[in-house]
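The next block holds one structure in the form of structure tokens; read it before the comments.
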Amino acid sequence: MGKILRDLVNIEINTIVTEVISGIKIPELEFAVYDIAKCYLIILNSLDRKTTDAMEDVRIDSAAFEDFHKRASRLMEENDELSPEDILSLKRVRFMSGQLGPTLKSAEDKGYKITTVGELKNQGNSASSPKLDIENRDRLLIRKAWELTRDPIAIQTVVQLDGDVITRILPEYCDKDYEILHRIHQQGVNCAVGFWKGLGELFASIISFGKSK
């Protein structure tokens, strides 16, 4: 219960502009982590003049995501010529890697020892192959990270429990030509806030009922 309530402290609404809706479903979590790592490595390699990691056998362990977090932070500090889209991509890599690293470390502490995609492919999908032993909230984190590897976020709104509302918009989507995009995003915000409010009221009623017993 406590973990669920902590997750309700804020909500994030993302609107993505894409040219193709493929309908691809998220693969097994272990392979989803590979997709995420590969995407982050492509972003970092394209912007990093000092370090370019090989793509042949991508590392997919906690240490790799810790490295992604550090590289993204360094690039944002050192490069003054980044475009707004590059900055947003690096922020996403830094933030999500900062969460995925500890998630994978927790699984590794329980015996999960896959470190590269080569090892993962060699294991295959047999019943005996290692599986990520993580909580449901961490499964949702991996799903979110995987979904956000497909296309860049155009508009993002974060609503916090104390009433703060933070909206970020890429400059190219600020003019009147994208009013419909803003309306779609606002509908998403309204829907999310309504669901959030209803969920909060549900938990409040459960707590109140428990105290009355």
salt_bridge(K113, D61) N-O dist < 4.0 Å: no
Can you tell whether the side chains of E66 and K105 come within less than 4.0 Å, N to carboxylate O? no
Would you compute the distance between atom [atom1] of [X] and atom [atom2] of [Y] and round it to the nearest 0.5 angstrom?
X	Y	atom1	atom2	result
T15	I153	OG1	CD1	9.0 Å
R139	L132	CZ	CG	7.5 Å
I13	N190	CD1	CG	9.0 Å

Tell me whether the centres of the aromatic rings in F31 and Y34 are closer together than 6.0 Å. no
Would you confirm whether R168, through its side chain, and T157, through its main-chain N or O, come within 3.5 Å as a donor-acceptor pair? no
So, do T103 and L141 sit near enough that their side-chain heavy atoms are less than 4.5 Å apart? yes
Close side-chain approach of L90 and L44, heavy atoms under 4.5 Å: yes
If you measure only the distance, is there a donor-acceptor pair under 3.5 Å linking the side chains of [X] and [Y]?
X	Y	result
N45	R71	yes
S97	H69	no
D109	S106	no

Of all the heavy-atom pairs spanning I166 and Q160, show the shortest one and how long it is. CD1-NE2, 4.1 Å
